[in-house]
Amino acid sequence: MEDKTLSQLLSLLSIRHLIEAVVVVALAALFIRGVRFALDHLAKRYPRARLQLAQSYPAIRLLVWTTTIVFIVLVTVRPPDSVIFAMLGSLGLAVGLAAQDGIRNLIAGVVMIFNPPFRTGDMIQFGGHYGEVVRLDLSATWLRTFDDNTVMIPNAEFLKGAVANSNSGELDEMVVIPIDLPWPYPVADARAIAADAARASPYCYLKKPVAVVLSQHHDHGQFVVRLTIKAYVVDVRLERIMASDITERTLEALAALQTPDQAVQVPSTVQ
Amino acid sequence: MTRVDRRKATASEFRRLFLRLTGRLKRSADRGEGGDADLRLDFADVNAARIGASPPSEALTRSPLPAGDPRFIPREDIRAAIEHSHAAWREGRPTLIALTGPSGCGLTSILNQTPSWLPADTLVARIDLSKRPDTSADALALAAGAFEAPPPFDTVDSAANQINALAPRVILIDNGHLLYSRLMGGSEGGRALHGLMIATQGKHLWLLACETQAWRRQCDTAGAHRYFDITIEADYFSRVELASLLSTRTPDGSPSFDDAAIDALHRVSRGHPGLALFIAACIRRADTPTLPAPFDESPLWALERTELLTLAEISAHGMLSANELQSIFRRDPTSTSILLHHLRQSGLIVGSTGNQLQPLLAPMINAHLVRANYLY
């Protein structure tokens with residue numbers, strides 16, 4: 001029985017079928033490349049929709065490759081039912097061996113397409129890396145950090161650990177900027193200055209609220225008041241620029257607030 | 001011919017074919033030039049030389065129209081809303097009205113006509129903002145001028161008490177976009193005037209005319225929409241209003257526009273009356289085609305992030321000086337000056353002391369900034 005199925009399978013692998021399959025695969029690859037080009041072009045023309053456009057690419061690619069494989073098997077090769085069942089059995093075996101890393105990553109990639117913890121364009125924190133998801137392949141995800149490093153993370157890893165997603169498909173995201181001040185300090189004025197500095201930054205997204213909260217802790221033998229500025233940035237890619245801009249404005253204004261007899265050093269910690 | 005040249009030639013042929021199919025290409029003989037010419041209008045042409053050099057005739061003037069001017073195109077829905085709000089206020093309902101609209105849609109002209117829509121016994125005062133009131137004192141001085149109140153106002157509360165003792169009147173505020181400021185500490189003046197309006201709305205009717213982008217910012221940062229219970233939204237002209245505008249402004253003896261020309265004019269100008277009049281003046285020239293050509297928007301696509309952010313802030317503020325831009329973007333004077341000169345030479349902004357978007361191009365610039373996520 002197995003010999004018969006194998007001989008049937010081999011008889012189907014004619015030169016003609018192979019050429020047709022190669023042509024179909026090449027056309028599919030070309031089509032995917034075209035889709036990628038079109039989506040990139042559209043994203044440049046309509047930056048506001050860039051995340052949605054980028055997010056549609058993995059699903060389109062999966063659909064195209066699935067269609068291609070089904071087309072090659074059912075239309076080009078057209079194997080008898082026994083061979084199809086035998087192939088499905090083999091596929092089942094492969095899935096059964098999914099403990100193997102490659103297949104595990106592929107399956108994780110498919111799971112992430114249907115139940116995504118993040119999408120292309122999101123800012124995520126995972127395994128000590130923080131950056132923008134720039135590419136979502138079936139087996140791996142690529143992040144670009146603010147240091148302009150590209151980090152590749154196997155997809156299976158995401159199903160094991162917790163992922164922090166900063167913007168969840170939105171272009172804006174909350175940026176948290178802590179600034180430490182020595183105690184005593186006129187905190188009411190400092191809070192007003194910090195909020196004003198956040199709203200004055202041209203990178204701040206004003207449709208969402210700006211908040212400043214205070215907390216106190218003990219550090220290096222002295223009490224420290226921490227101003228935590230929470231503001232939304234208009235585009236996730238400007239996150240660090242906004243944090244730096246708001247910090248600079250706040251520190252300058254706080255320095256101007258101090259009278260000579262109050263002159264104190266204003267240490268700051270920006271995360 | 002090298003391979004690169006061949007490729008460029010093919011691309012040029014495709015481009016020419018596309019322009020011809022979309023009606024943007026004129027035969028070279030029409031212009032007396034060697035090759036085919038792209039007829040799309042350049043942004044820089046609006047400012048300078050080639051097309052817009054001569055000032056428009058009185059009939060085609062793009063200035064705001066004074067009260068009772070027969071060239072004013074009736075905006076019946078806006079008039080009805082103002083009359084209704086005024087009637088409600090006279091019956092004792094505290095009322096603040098915001099009249100918002102995109103830059104160049106005719107807010108000042110509407111404000112100019114408003115007194116004639118109100119009963120004859122209505123007292124009307126007007127505040128024309130020409131500069132941004134940075135402090136409470138600036139804002140209170142403006143209010144004092146409008147009410148012709150001799151003693152200077154000290155605080156918002158004392159000003160409200162004094163103003164509430166005066167006879168009821170309608171106060172029209174033009175250029176309300178100047179009440180918004182992104183500068184650190186710069187919102188004090190706007191907040192003071194908002195406070196005065198809120199405190200006196202039971203006695204006086206305030207009507208604030210403000211460009212859409214600045215109004216959105218005032219809503220986002222000061223919650224203005226919570227205090228202004230009536231918001232009247234004006235827009236650019238509909239096709240019917242544009243046809244009416246052209247027939248009103250067409251000088252005697254000039255050829256009138258047919259339906260196709262009006263359709264094209266409305267599409268290209270997006271209903272902006274000033275831009276429509278400008279293009280109408282252009283296409284009357286002998287060497288331009290009957291149908292208006294669209295603008296070449298490539299200068300907008302060539303802008304980089306800082307320039308786009310600068311345009312967005314200028315749009316949201318209505319007008320910004322170089323010093324204000326330096327403060328907002330924390331740039332040195334030289335780089336600010338270079339940036340502004342570049343934007344000015346590209347035809348995107350005008351003004352030497354107060355920089356503002358080129359009024360005729362504002363619809364295109366704003367649409368681009370919204371698309372690129374710099375305005376919201």
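Letters A, B, ... mirror the listed sequences (proteins, then strands); counts begin at 1. All values derive from a computational prediction rather than experimental measurement.
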I'd like to know if the side chain of [X] reaches the main chain of [Y], judged simply by a donor and an acceptor atom lying under 3.5 Å from each other, with no hydrogens or angles considered.
| X | Y | answer |
| --- | --- | --- |
| B:Ser315 | B:Leu311 | no |
| B:His272 | B:Pro359 | yes |
| A:Ser201 | A:Ala198 | no |
| B:His317 | B:Arg182 | yes |

So, are [X] and [Y] salt-bridged, with charged N and O less than 4.0 Å apart?
| X | Y | answer |
| --- | --- | --- |
| A:Asp235 | B:Arg305 | no |
| B:Arg132 | B:Asp138 | no |
| A:Arg249 | A:Asp245 | yes |

For the residue pair A:Glu170 and A:Tyr232, confirm or rule out a side-chain donor-acceptor distance under 3.5 Å.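 No - no donor-acceptor pair under 3.5 Å links their side chains.
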
Distance only, no hydrogens: is a donor on one side chain within 3.5 Å (strictly under) of an acceptor on the other, for A:Asn155 and A:Thr141? yes

Which heavy atom of A:Val134 sits nearest to which heavy atom of A:Thr120, and what is that distance?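 Closest approach of A:Val134 to A:Thr120, heavy atoms only: O-CG2, 3.7 Å.
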
I need the minimum non-hydrogen distance between B:Glu188 and B:Ser136, along with the two atoms involved.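 Heavy atoms only, the tightest pair is OE2-OG, 3.0 Å.
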
So what's closer than 4.5 Å to chain A heavy atoms on [X]: side chain, backbone, both or neither?
| X | result |
| --- | --- |
| B:Leu309 | side chain |
| B:Ser181 | neither |
| B:Leu375 | backbone |

Ordered numerically, the heavy-atom neighbours of chain B under 4.5 Å found in residues 206-217 of chain A are A:Leu206, A:Lys207

Sort [X] into side chain, backbone, both or neither according to what part of it lies under 4.5 angstrom from a heavy atom of chain B.
| X | value |
| --- | --- |
| A:Ala253 | side chain |
| A:Arg45 | both |
| A:Ile193 | both |

A:Phe126 and A:Phe118: aromatic ring centres closer than 6.0 Å?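 Distance test on ring centres: not under 6.0 Å, no.
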
With the side chain counted from C-beta on, respond yes when B:Leu325 and B:Ile314 share a heavy-atom pair under 4.5 Å apart, and no when they do not. yes

Heavy atoms only, distances under 4.5 angstrom: which of B:Arg330, B:Glu313, B:Met184 has the most pairs with chain A? Name it, please. B:Arg330

Does anything in residues 208-217 of chain B get under 4.5 Å of chain A by heavy atoms, and if so which residues?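 At a heavy-atom separation under 4.5 Å, chain A is reached by B:Arg217.
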
